[in-house]
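Some notes on the structure that comes next.
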Amino acid sequence: TFKTAPASSGAAITNDASIEAAWEAAGGAVSVIEVVKGENYLLNIANSGRYALVNITDVVETTGDNSDYVEFTYKYQEQ
């Protein structure tokens with residue numbers, strides 16, 4: 001599942017506890033999102049209770065060739 005995270009999340013999340021706290025504070029979760037360049041998303045990986053923060057750095061949409069792609073950076077909960 002996914003949640004939208006504030007822009008400041010990348011700097012604020014520095015350890016496992018802070019990523020879990022960000023998940024709890026982010027509001028309601030959804031199962032489908034529209035990926036937008038510059039947005040941060042929190043993920044509950046496979047509904048396992050392990051979390052990740054993903055920052056979308058680029059979204060490239062192509063025409064007629066199904067070669068669209070997304071570039072991103074991430075931080076994940078190790079424990």
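Every heavy atom of this structure was used, including side-chain atoms; hydrogens, water molecules and symmetry mates were not.
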Rounded to the nearest 0.5 angstrom, the CG-CD distance for Leu43 and Gln77 is 12.0 Å
Checklist line | Phe72 CZ: over 12 foreign heavy atoms closer than 6.0 Å | finding: no
In terms of heavy-atom contacts, Ile13 and Ala22 come closest through CD1-CB, 3.8 Å
Rounded to the nearest 0.5 Å, the NZ atom of Lys75 sits from the CG atom of Asp16 at a distance of 12.0 Å
Heavy-atom closest pair (Ala5 atom, Leu53 atom, distance to 0.1 Å) is CB-CD1, 4.0 Å
> Should the heavy atoms of other residues, nucleotides or ligands under 6.0 Å from CG of Asn66 be counted, would the total exceed 12?
Replying inline: no
- request: Kindly say whether Thr14 contributes a backbone atom to a donor-acceptor pair with the side chain of Ser18 at under 3.5 angstrom?
  value: yes
Under the 3.5 angstrom rule, does the side chain of Asn40 hit a backbone N or O of Pro6 as a donor-acceptor pair? yes
Value for OG (Ser9) from CG (Asn55), rounded to nearest 0.5 Å, stands at 9.5 Å
Exercise for review: Could you walk me through whether Val70 and Val60 pass side-chain contact (heavy atoms from CB on, under 4.5 Å), step by step?
Suggested key: CA-CA 6 Å; Val70 175; Val60 177; over 6 Å; no
**Prompt:** Are the side chain of Lys37 and the backbone N or O of Ile56 linked by a donor-acceptor pair below 3.5 Å?
**Reply:** no
Shortest non-hydrogen pair, Trp23 vs Thr1, comes out as CH2-OG1, 3.4 Å
Notebook entry, point to check: Would you say the side-chain atoms of Asn44 pair up with the backbone N or O of Gly49, donor to acceptor, closer than 3.5 Å?
Noted result: yes
side-chain contact (heavy atoms from CB on, under 4.5 Å) assessment of Lys3 paired with Tyr41
CA-CA 6 Å; Lys3 294 183 179 185; Tyr41 301 101; over 6 Å; no
| Under 3.5 Å, side chain of Arg50 to main-chain N/O of Ile45, donor-acceptor pair present? | no
For Ala26 and Thr4, the nearest pair of non-hydrogen atoms, with its separation, is CB-O, 3.9 Å
Rounding to 0.5 Å, atoms OG1 (Thr57) and CD (Glu71) come to a distance of 5.0 Å
Here the pair of heavy atoms bringing Val59 nearest to Val36 is CG2-C, 4.3 Å
**Prompt:** Do Val30 and Val54 share a hydrophobic cluster, counting only Ile, Leu, Val, Met, Phe, Trp and Tyr and linking them when any side-chain heavy atoms are less than 4.5 Å apart?
**Reply:** yes
| Going only through I, L, V, M, F, W and Y residues with side-chain contacts under 4.5 Å, is there a path from Tyr76 to Val35? | yes
